[in-house]
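Below you'll find the structure, written out as structure tokens, and then a few comments.
Both backbone and side-chain heavy atoms feed into the values below; hydrogens, waters and symmetry mates do not. By convention in this document, chain letters (A, B, ...) are assigned in the order of the sequence lines, proteins followed by strands, and residues within each chain are numbered from 1. Source: prediction; values computed, not measured.
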Amino acid sequence: MGIGQEIISDWFKSKKWQQFPFQKEMEAAFLDGYSGLLNAPTGSGKTFAMFLPFIADYINKHPEDYQTRKNNGLQLLWITPLRALTNDIRKAMQTVVDDLGLPWKVGTRTGDTSAKEKQELKKRQPEVLLTTPESLHLMLALKDYPKIFENLQAIVIDEWHELLGTKRGVQLELGLSRVKNLAPATSQAKQLQIWGISATIGNLDQAAEVLLGVDTKKVGIKLIRAKLNKKILIESVIPENIEKFSWAGHLGIKLLPQVMEIVANSKTTLIFTNTRSQTEIWYMTILEKYPEYAGIIAMHHGSLDNELRNWVENALHNELLKVVVCTSSLDLGVDFRPVDSVVQIGSPKGVARFMQRAGRSGHHPGATSKAWFVPTHSLELLEGAALKQAIIEEVFESRDPILLAMDVLMQYLVTLAVSDGFLPEPIFRELKTTYAYADLEQKDFNQILDFITKGGKTLSQYDEFLKVEIENGLYKVNSRKVAMRHRLSMGTIVGDVSMRVKFLTGGYLGSIEEGFISKLKIGDNFHFAGRSLELVKVKEMTAFVRKSTKKKGIIPSWMGGRMPLSSQLSAMLREKLDEVARGVEKDIEVQALQPLFQLQTKLSHIPRNTEFLIEKFTSRDGHHLFFYPFEGRLVHEGMASLFAYRISKIKKANFSLAMNDYGFELLTDDEVVLQQALDSDLFSIDNLLDDIQQSLNATEMARRRFRDIAHIAGLVFTGFPGKAMKSRHLQASTSLLFEVFSEYESDNVLVRQAYHEALQFQLEEYRLRAALQRLQTLKVVITESEQPTPFAFPILVDGLSREKLITETMEERVAKMSMRYEKLS
DNA sequence: GACCTGCTGCGGAATG
């Protein structure tokens, strides 16, 4: 990847790092023995080098802390979420270490490290080791692992914001809690120092607490904010003719000419899209309409072959490319010096994410980051105004830490049992010092111990679940097979089962979900990795293809996540809408949208911040009700089901639901008793949990979450590397386990966790609750129109696609809509 | 022809 070691070396020799405004503060805190969190802005990827002189300095000042020996052993452990970065950082760090005159070796340990290299690591630990959270745990599964860490002076966790709020973060918390107790305090009473580096997020104080654990009183926490005044220039791309611009949709391809103008006027542009299929579509369309870009355009997303991705990254770095279409696969880590423009297609869904992406341009000190926001439908343009405002006001999303993840804990305990074995009491005490397990109850801990030794209440008959044996109180794995399988399935990332896509001649293109391939017939044509391909045969989870000359072809879609609009951006959007309602027209986005707002006012209403808009409209499909909480898609999903349930309690009705980030629709055959529902506490939070359970298939949601939980907890074996099992197989086994536990062991920690996760992550119960409470304070405004309003239209389109009505209906409707629109405006 | 979606990230053995 893109960090040149020469650059780092020069940068270091010229002592540029001393010019960082936070350097003095950082150095003082480090030399005083503090642990803490450094809030470095995105784009100062070299902060790492700063730590090396600190450590060298510390050694000079406190030689008594370092025993005189030929091999100091591991001094600094550097943890990064991105494996791909470790190699370049290693080279760069080695040059810095050499420049400092330290007789140190810098090494890496990741999945890329060969067996031979691992053997060498065992013989001689490098003084600086770069690794990932997963590899740290693999180290904890080695015999005599405490020896590795006994001389450790400092741990640095890079990009901590990326891990916080994920199970990878929890796994890292666990790893740190163990390692902390292996590096004893030295003569200076100096403790192992732990420093995180994080981009700006809303809860930096909490981020520090999570990283350092709840036992940090002795150590002391410092939070250092870098406050580099990075200039960011943000512009929305305004459609030339807003009246002809789409009211719904997500592709945004209509604005291609404007985007290509930006590309032409920039040195190098990154075009960020929200989905992989969208990346494929934009790439193809650009090549089709602007063939002169052949050779200087590339694409990058998570399902493409690594070799291709590496090539793209290097080409970007070496200024060989003019434009790269990508997903968030290019969000992280890399210094792409030549990039001077960033284009975001569609909603970035959050302020912090947009900032991160904007920071990919002008990636050097003093340079300005330039980012464009390209709306994919009219109303989304308002998000551009909201984004700008949020960035001015420095409103950033928080990353909420995950608490009491029992699956991760179960995996961790088996890891410790695989290496030297563990005694439950001290480990329990150690767990209680972590943020994630501070509230861990003894009985749940015992249940997990019981499970890994005896298979719990239900699985005691099956050998494969009896992993850990107890010898004189020591919990230990003795079976080589169990140990091996455990090492094979460590980590918290549960991938989708996907098929490799390969040319008959051997070239590897990437991976596509099993489900997509199974829909294709042999001989069918599809587009992938920017190529037109023909499916030739499918063999053992590999789809063999050959080049095709056909222009047309389906583009694969992946079942990815569905990120909702963040609550911060949602709130700002409501703020902007309030301005619109008050007639404030200071933003160019708002000015451009005037025709749309005028129509909305004419047909319905634009809600103030103190109002909750509900629209009624009747079509041949039935009675439509549109609600506009502007709270993000997931909250709307839960709220739509909840409202449907509560309304049908008054008068029986079947509803079909549709939603987007701005609002949701309830559609039914009969007139809805709306007023009655409003009068009888439609927005109430009393019985909320019960009503949710009643209105949604909570069991099904939990079952789906359980699949990942079972994987992480080690209940299912996913097969040997390169020999993936079919997803049907895995689905069946996790589903069966879920059934068995639910029936015979209702208190099972993992099942409880599945329900909890469904509520928390799928439904965003906390946000739903807060949203209902907000609605209670608002004045309800109900309007009725003869046709869908501009606000309603995108939701209607969402509903149409969901119900899979035939295309003509949809087209007809769209055509009719625009005719009416022209008449009205 | 299309206003019909949905991210990222890491690991890994033994045998023939």
Side-chain angles (χ1 to χ4, degrees), chain A residues 80-86 109-113 115 118 131-138 141 159 162-163 166-169 171 244-254 272-281 300-303 326-333 345-350 353 356 376-380 411 480-481 483-496 552 555-564 633 660-661 717-724 793-811 813-815 817-818:
Chain A
T80 160
L82 218 57
R83 174 186 56 197
L85 286 179
T86 50
R109 191 188 206 282
T110 69
D112 295 334
T113 310
K118 280 176 197 159
T131 190
T132 60
E134 288 79 7
S135 282
L136 173 63
H137 276 255
L138 282 161
E159 315 255 23
E162 279 297 322
L163 295 168
T166 70
K167 288 186 182 176
R168 294 185 79 196
Q171 191 160 47
K244 290 259 165 66
F245 194 59
S246 319
W247 277 19
H250 73 278
L251 279 181
I253 207 86
K254 276 195 184 174
F272 281 100
T273 67
N274 283 339
T275 69
R276 284 164 279 188
S277 60
Q278 203 177 358
T279 289
E280 297 268 350
I281 292 170
H300 194 282
H301 65 67
S303 291
C326 60
T327 61
S328 44
S329 55
L330 281 189
D331 263 358
L332 262 199
I345 313 286
S347 169
K349 308 283 184 186
R353 180 176 297 106
Q356 176 101 19
T376 59
H377 63 262
S378 303
L379 199 50
E380 202 171 55
Q411 185 188 108
R480 279 174 59 94
K481 186 181 158 199
M484 183 195 78
R485 286 193 166 200
H486 183 73
R487 272 194 294 265
L488 276 172
S489 49
M490 261 157 73
T492 59
I493 299 170
V494 181
D496 310 303
K552 290 266 171 275
I555 290 166
S557 64
W558 291 261
M559 283 288 288
R562 287 173 154 194
M563 270 175 311
R633 188 177 180 115
N660 66 10
D661 276 321
F717 183 60
T718 45
F720 290 102
K723 286 182 189 150
F793 193 75
I795 305 177
L796 202 62
V797 169
D798 181 274
L800 287 179
S801 66
R802 178 185 40 90
E803 281 161 28
K804 293 192 178 62
L805 289 191
I806 47 166
T807 325
E808 279 75 22
T809 322
M810 166 86 182
E811 264 182 86
R813 198 177 297 249
V814 171
M817 272 305 302
S818 19

Return yes if the base of B:dC7 and the side-chain atoms of A:T327 contain a donor-acceptor N/O pair under 3.5 Å, otherwise no. no
Considering every strand and a 4.0 Å limit on heavy-atom distances, what is the contact class for A:L138: base, sugar-phosphate, or nothing? sugar-phosphate
If you compare every side-chain N and O of A:R480 against the phosphate oxygens of B:dA14 (OP1, OP2), does one of them come in below 4.0 Å? yes
I want to check one thing: is the phosphate of B:dG12, taken as OP1 and OP2, less than 4.0 Å away from some side-chain N or O of A:R487? no
Would you classify A:S135 as touching base, sugar-phosphate or nothing, given that sugar-phosphate means primed atoms plus P, OP1 and OP2, and contacts are heavy atoms under 4.0 Å? sugar-phosphate
Side-chain N,O (A:T132) to OP1/OP2 (B:dG9) below 4.0 Å: no
Going by modelled atom types, is there a donor-acceptor pair between the base of B:dG12 and the side chain of A:R485 at under 3.5 Å? no
Between A:K349 and A:V494, whichever has its closest DNA chain B nucleotide further toward 5' is A:K349
Short side-chain N/O contact from A:H250 to OP1 or OP2 of B:dC3, under 4.0 Å: no
Contacts of A:G249 and A:P81 projected onto DNA chain B by closest heavy atom; the upstream (5') one is A:G249
Verify, without hydrogens or angle tests, whether A:Q171 (side chain) and A:E134 (backbone) share a donor-acceptor contact under 3.5 angstrom. no
Whole-Å distance separating the CG atom of A:L330 from the C1' atom of B:dT8: 11 Å
Working for side chain to side chain donor-acceptor pair (under 3.5 Å), residues A:S303 and A:R276: CA-CA 8 Å; A:S303 291; A:R276 284 164 279 188; 3.0 Å; yes
A:R353 side-chain N/O to B:dC7 phosphate OP1/OP2 under 4.0 Å: no
For A:M484, which contact category applies under a 4.0 Å heavy-atom criterion: base, sugar-phosphate, or nothing? sugar-phosphate
In Å and rounded to the nearest 0.5 Å, what is the NE2 to OG distance from A:H250 to A:S347? 13.0 Å
Taking any heavy-atom pair under 4.0 Å as a contact, classify A:H301: base, sugar-phosphate, or nothing. sugar-phosphate
